[in-house]
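Notes for the one structure printed next.
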Amino acid sequence: MCHGVEVIFDSDSCWQAIEAEDPRFDGWVFCGVKTTGIYCRPSCPARTPKRENVRFFASAAAAQAAGFRACKRCRPDATPGSPEWDGRADLVGRAMRLIADGVVDREGIRGLAARLGYSERQVHRQLMAVAGAGPLSLARAQRAQTARILLETTAVPITGVAFAAGFHSVRQFNATIQEIFAMTPTALRARGGADGENGGALTLRLPYRSPLDGDGLIAFLGLRAVPGVEQVLAGAYRRSLRLPHGPGTVELRPGDGHVRARYWLTDLRDLAAAMQRSRTLLDLDSDPASVAGALGDDPLLGALVRATPGRRVPGHVDGHELALRAVLGQQISLRGASTLAGRLVASHGEPLERPLGEVTHLFPAAQALAGANPDRLAMPAGRRRGLLALAKVLASGELVLDGGADRESSRRRLLELPGIGSWTADYIAMRALRDPDAFLSGDLGVRHALEQLGHDGRPAAAERLAERWRPYRAYAVQHLWASLQRPRRTACAAL
């Protein structure tokens, strides 16, 4: 029986993945072995169990709720997340993205349901049907994973780890770790051997599915870096983070099989959210094999996809910041947009108590911009109206641009605001709302790229052509932008 996995793979495909020890299925599917009580990745190198003894699950939480504990050899809880959740625009996808950001720990099931606009019962029922576990079980699995990371990679006292990971008591923490990992917290710590703490930072490894075009990611972010908020140096990307319990900073350096992440946090309770937002920023839960399968044989895009395997769609750590920056960057060059945003940071941003290199400020909050004196915003009048209108609906909570947002209704509301057109709304959908099928048919960079490749680049023609690239049109956009020899020719100036 395939518990919740039927929406992704059938049981025969799951079994073939186990027999082949196929790492492409890691994170998509979890395999519980009834005779041992252990759940694994499909690629686990341990001896293949008999098929009749295997149960398949759509999430680690579902396996844990069924009474299985994590394999100590393949560490299934440490896999990249399932790309399924970014691809889904429905209630389940929205809920999974919010749970990953820690909403259940911060606001409870009631808060999660309120954000989604459904009853608690409906949210639980839908998650059980698709993910095989309810929101409490999913949040518990995430707390356990965060605790394991802290135990194995830091010297934070065990009591501190318990509360930083989101547990409400040390007793609950001890029982959960023992149940899921079949080890005490002390034993988990003794097993650790990663980078640990370095200069006051928590240094962790963020896994991904290979390949990863790390250079392309850093280049994309570097072209759009806002002075004071972001910095790119020697293959690494730094930025400030506005987190639920306080500000922080991060440095991300792509490497072989993982991204080396260093966090400086005001409050350790923000670690899970900081890690998830970093993963979203770099699109680390993407499945490059699926993208290549959909686009790699395309007559137009195939050569680009094969030339740069593992190209990602950069997301963002803060959907509200991304949206405000998108409005700032309309109709001007990347350099001009960066300069304009840097001035806004200098005048309305919040200084960090602990700067990191050239990262000295948080990007201005929507509340600060909504109450700003328009005369102090040095920009064209139309852009100022658009920025203030957006800031006001974000500050009031009327519009929320995070992983739990309904993509279609958010797009409609954005288009109702002065100064925001379809290009801006689609760019926000691509990067802030994580829609892998977002397509910017009116983008000048897309037009230039298509014309260079010998095709009609006008919006209507681009829209028709892009139909064959579903459900990965956002990845197609990234390949088209990257194909241009000089990035400054593009109109993708949104930061």
Side-chain angles (χ1 to χ4, degrees), residues 213 216-217 219-226 283 291 294-295 298 300-301 303-305 308 311-316 319 322-338 340-341 380 382-383 386-387 390 401 407-408 410-412 414-415 417 419-495:
D213 178 27
L217 275 169
F220 182 97
L221 296 172
L223 282 170
R224 292 156 179 80
V226 172
D283 197 17
V291 176
L295 304 179
D298 185 82
L300 177 62
L301 288 182
L304 300 177
V305 174
T308 313
R311 186 175 295 284
R312 298 304 211 262
V313 177
H316 210 273
L322 184 280
L324 293 165
R325 289 169 58 163
V327 171
L328 283 175
Q330 293 177 127
Q331 305 300 318
I332 55 177
S333 68
L334 286 172
R335 180 171 294 183
S338 178
L340 186 60
R383 188 167 304 138
L387 182 71
L390 176 60
L401 300 173
R407 291 168 179 165
E408 284 301 316
S410 296
R411 188 179 192 276
R412 288 194 298 270
L414 284 166
L415 292 175
L417 298 175
I420 294 183
S422 59
W423 182 93
T424 305
D426 290 336
Y427 185 81
I428 292 169
M430 180 174 68
R431 295 197 60 198
L433 303 184
R434 306 302 301 133
D435 183 356
D437 201 40
F439 186 69
L440 284 67
S441 58
D443 180 73
L444 188 57
V446 168
R447 179 170 185 165
H448 286 162
L450 290 175
E451 290 174 348
Q452 283 189 5
L453 294 168
H455 286 261
D456 186 347
R458 289 174 295 182
E463 193 74 41
R464 289 193 299 270
L465 180 64
E467 282 298 310
R468 70 193 196 204
W469 300 331
R470 290 184 183 274
Y472 295 118
R473 294 187 301 171
Y475 291 86
V477 169
Q478 293 296 321
H479 282 287
L480 290 171
W481 281 348
S483 72
L484 294 167
Q485 293 183 351
R486 295 192 300 171
R488 66 173 60 94
R489 287 190 59 200
T490 76
C492 51
L495 297 170

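Numbering starts at 1 and runs along the sequence shown.
- By the side-chain contact (heavy atoms from CB on, under 4.5 Å) test, Ala466 is found to be paired with Phe439, Trp469, Arg473, residues two or more places apart in sequence or in another chain being considered.
- In this structure Arg464 satisfies the side chain to side chain donor-acceptor pair (under 3.5 Å) test with no other residue, sequence neighbours excluded.
- Here the straight-line distance linking atom CG of Leu295 with atom CZ of Arg468 works out to 10.0 Å at 0.5 Å rounding.
- Here Ala225 pairs with Glu230 under the side-chain contact (heavy atoms from CB on, under 4.5 Å) rule; sequence neighbours left out.
- Asp437 and Arg470 get closest at one heavy-atom pair: OD2-NH1, 2.5 Å.
- Closest heavy-atom contact between Ala462 and Ser441: CB-O, 4.1 Å.
- Using cut-offs of 30° and 60° for the angle between ring planes, the Phe220 and Trp481 rings count as parallel.
- Judged by distance alone, the side chain of Arg407 and the main-chain N or O of Leu433 form a donor-acceptor pair under 3.5 Å.
- What you find for Leu217 and Pro314 is that their closest heavy atoms are CD2-CG, 3.7 Å.
- Residues Leu328 and Arg383 come closest through the heavy atom pair O-CD, 3.4 Å.
- Listed by chain and residue number, nothing satisfies the salt bridge (charged side-chain N to carboxylate O under 4.0 Å, His left out) test with Glu408 (two or more places apart in sequence, or in another chain).
- Residues passing the side-chain contact (heavy atoms from CB on, under 4.5 Å) test with Asp456, sequence neighbours excluded: Arg458, Ala461.
- In this structure, Leu450 and Leu465 have side chains that are in contact, with non-hydrogen atoms separated by less than 4.5 Å.
- In this view, Arg447 and Glu451 satisfy the salt bridge (charged side-chain N to carboxylate O under 4.0 Å, His left out) rule, not counting sequence neighbours.
- When all heavy atoms of Leu322 and Arg431 are compared, the closest pair comes out as CD2-NH1, 3.8 Å.
- Side chains of Asp443 and Val477 form no contact here, defined as non-hydrogen atoms less than 4.5 Å apart.
- Partners of Thr308 under the side chain to side chain donor-acceptor pair (under 3.5 Å) rule, at least two apart in sequence or in another chain, are Arg311.
- A heavy-atom distance below 4.5 Å is not found between the side chains of Asp435 and Asp426.
- With sequence neighbours excluded, the residues satisfying side chain to side chain donor-acceptor pair (under 3.5 Å) with Tyr475 are Asp283, Ser286.
- For the side chain to side chain donor-acceptor pair (under 3.5 Å) test, residues two or more places apart in sequence or in another chain that qualify with Thr424 are Gln330.
- Using a 4.5 Å heavy-atom threshold, the side chains of Leu334 and Arg224 count as touching.
- Contact between Ile428 and Ala326 at its shortest, heavy atoms only, is CG1-CB, 4.2 Å.
- In this structure, CD1 on Ile332 lies 5.5 Å from CG on Leu340, to the nearest 0.5 angstrom.
- Taken from CG in Leu453 to NE2 in His479, the straight-line distance is 12.5 Å, to the nearest 0.5 Å.
- In this structure Arg412 satisfies the salt bridge (charged side-chain N to carboxylate O under 4.0 Å, His left out) test with no other residue, sequence neighbours excluded.
- At distances below 3.5 Å, at least one donor-acceptor pair connects side-chain atoms of Ser483 with backbone N or O atoms of Leu480.
- In this structure, Pro436 and Val313 have side chains that are not in contact, with every pair of non-hydrogen atoms separated by 4.5 Å or more.
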